[in-house]
Number of protein chains: 2
Amino acid sequence: MRGYDKYAHEPFAVTVDLAVLTLRAGSLHVLLVERGQEPYAGRWALPGGFVRPDESAETAARRELAEETGLKDVSGLHLEQLRTYSEPGRDPRMRVVSVAFAALLPDAPEPTGGGDAARARWLPYDDAKQLAFDHDRILADAHDRVGAKLEYTCLATAFCPPEFTLGELRQVYETVWGTGLDRPNFRRKVLATPGFVEPVPGGARLTGGRGKPAALYRAGAATALHPPLLRPPREGRSA
Amino acid sequence: MRGYDKYAHEPFAVTVDLAVLTLRAGSLHVLLVERGQEPYAGRWALPGGFVRPDESAETAARRELAEETGLKDVSGLHLEQLRTYSEPGRDPRMRVVSVAFAALLPDAPEPTGGGDAARARWLPYDDAKQLAFDHDRILADAHDRVGAKLEYTCLATAFCPPEFTLGELRQVYETVWGTGLDRPNFRRKVLATPGFVEPVPGGARLTGGRGKPAALYRAGAATALHPPLLRPPREGRSA
DNA sequence: CTTTTAATAGTCACCACGACTATAAAAAGG
DNA sequence: CCTTTTTATAGTCGTGGTGACTATTAAAAG
């Protein structure tokens, strides 16, 4: 490593960008804010902000998450560092290095637009195009990462409320992957994986929906899936 | 996102840290440099350096990789961004945010210690302890990531020369995972995965070693492994 | 009361994989 | 030269995970 005396150039600004994902009405949504000023004025962007001198990027990301969503307690939410985007010129004004995170929410409260934030709202993932800066890329990377981690971790429960049915859990996979899954096979697989889910004591069931009432489950103690729950191979697969 | 006018604090220094891994004599080695100055003078550290104003972190990492290893062409080497370490106080002198990368090398030339770098050398992974700063953590994260990616990507070929035998490829897995693998089963699995490896035309074989000459293979076109090559479950598994 | 929807139970066949045996072809050591 | 050792390679066998599928139950919707 070089000596620090060679540090003779303008410094960097360090920010965090958040891809906050949730499931609303059976489709994937992402939290976006509308930019009020140039550049990209009027365009949608991922929420984010500067890392403060006494913060780690993780701390800054959780603070921004609380500010943007208006949630009281974000300590239990799944926050995952994606990667860092550092291309020169990704912000036309100055040299900005941004640490990107993905956050997964079970329910979807309307954002309260806390503080001086511009308009904030949930947008369907498929409609979130033409974002400011390189946020299209960041959002796509977040989607890829989440989709991949569903295969070999228990991440799917992060999209679910504390108690959920296997149908809700299956919809997480179907929505993120964009595929259909066989109901009985999914059920067998999940229940056969120790620590993935555990039944709510008392045999509670969720009624009020269509069809037969479903048993309620909680997230188990496991964090990894052995063996993984592989997504079905795409149709047009390369030979 | 807040306005940039609120950017009123001391800036960050941005560096890259590299966990350069290779296989030497059947064991995993990591490239380390000896620190010449405080803090951590005399301790081993991961190579790295400052990101220049006109560089991305990836560009800086590749530049540092070339400088530290003395290799002419590092363009084909696998370089993977791990994550960014941004805890306040991880460098006692100033606020440093470091983007960590893992680099995988097939052969292991002795480092030439290019430029003003202190002493640099390969150290067995198991002996690389008590590193400077938070580099123990970064190195462990690199090992975890590489071990995990061996399961579901073709990353293992990045440790191999352009032409390699299935025995060499198997040793990559065994060395990184620290487990033994059944030779015939490994062979069947690799050859059954389309695009993982392809035989060298002409049926070239590697002689000179012990035992029966082995057929030579090249890395195939695939980048992901479907289905994955799962590592054998650990003995003391939690119930 | 019928239809619809979803949860749940169960069956069956295939195949990927672990465990294992056997054979071939080289070097090493007498 | 012959035996041992080492590694590559071929093949077998049984189990279990999984996809595809059918059947049943229990609720809401019409």
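Just so it is clear: chains get the letters A, B, ... in the order the sequence lines come, proteins before strands, and each one is counted from 1.
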Send over the distance from [X] [atom1] to [N] [atom2], rounded to a whole Å.
X	N	atom1	atom2	answer
A:Glu151	D:dG17	CD	C1'	16 Å
B:Arg170	C:dG18	CZ	P	14 Å
A:Leu169	C:dA7	CG	P	12 Å
A:Leu191	D:dG16	CG	C1'	17 Å
A:Phe186	C:dT8	CZ	P	12 Å
B:Arg183	C:dA24	CZ	P	18 Å

**Message:** Measuring to OP1 and OP2 of C:dA9, would you say a side-chain N or O of A:Arg187 lies under 4.0 angstrom away?
**Reply:**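 Yes.
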**Message:** By the 4.0 Å heavy-atom rule, please label B:Arg188 as base, sugar-phosphate, or nothing.
**Reply:**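 Base contact.
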**Item:** Shortest non-hydrogen contact between A:Thr175 and A:Gly26, atoms and distance
**Value:**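 Minimum heavy-atom separation between A:Thr175 and A:Gly26: OG1-O, 3.5 Å.
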**Message:** Taking A:Trp122's backbone N and O only, do any of them form a donor-acceptor pair with A:His29's side chain (distance below 3.5 Å, no angle check)?
**Reply:**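 It does not hold such a pair.
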**Prompt:** Which letter, B, S or -, goes with each nucleotide of nucleotides 21-30 of chain D from 5' to 3', with contact meaning a protein heavy atom under 4.0 Å?
**Reply:** BB--BBBSS-
**Asked** Is there a side-chain contact (heavy atoms from CB on, under 4.5 Å) between A:Asp141 and A:Arg83 once you walk through the steps?
**Response** CA-CA 9 Å; A:Asp141 287 349; A:Arg83 49 160 293 192; 4.2 Å; yes
**side-chain contact (heavy atoms from CB on, under 4.5 Å) between A:Val146 and A:Phe159, worked out** = CA-CA 11 Å; A:Val146 171; A:Phe159 279 110; 3.9 Å; yes
**Message:** Can you tell me how the ring of B:Tyr173 sits relative to the ring of B:Trp177, calling it parallel under 30°, perpendicular over 60° and tilted otherwise?
**Reply:**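 Because their plane-to-plane angle is over 60°, the rings of B:Tyr173 and B:Trp177 count as perpendicular.
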**Request:** Nearest 0.5 Å please: distance from the CD atom of B:Glu68 over to the CG atom of B:Leu46.
**Result:** 10.5 Å
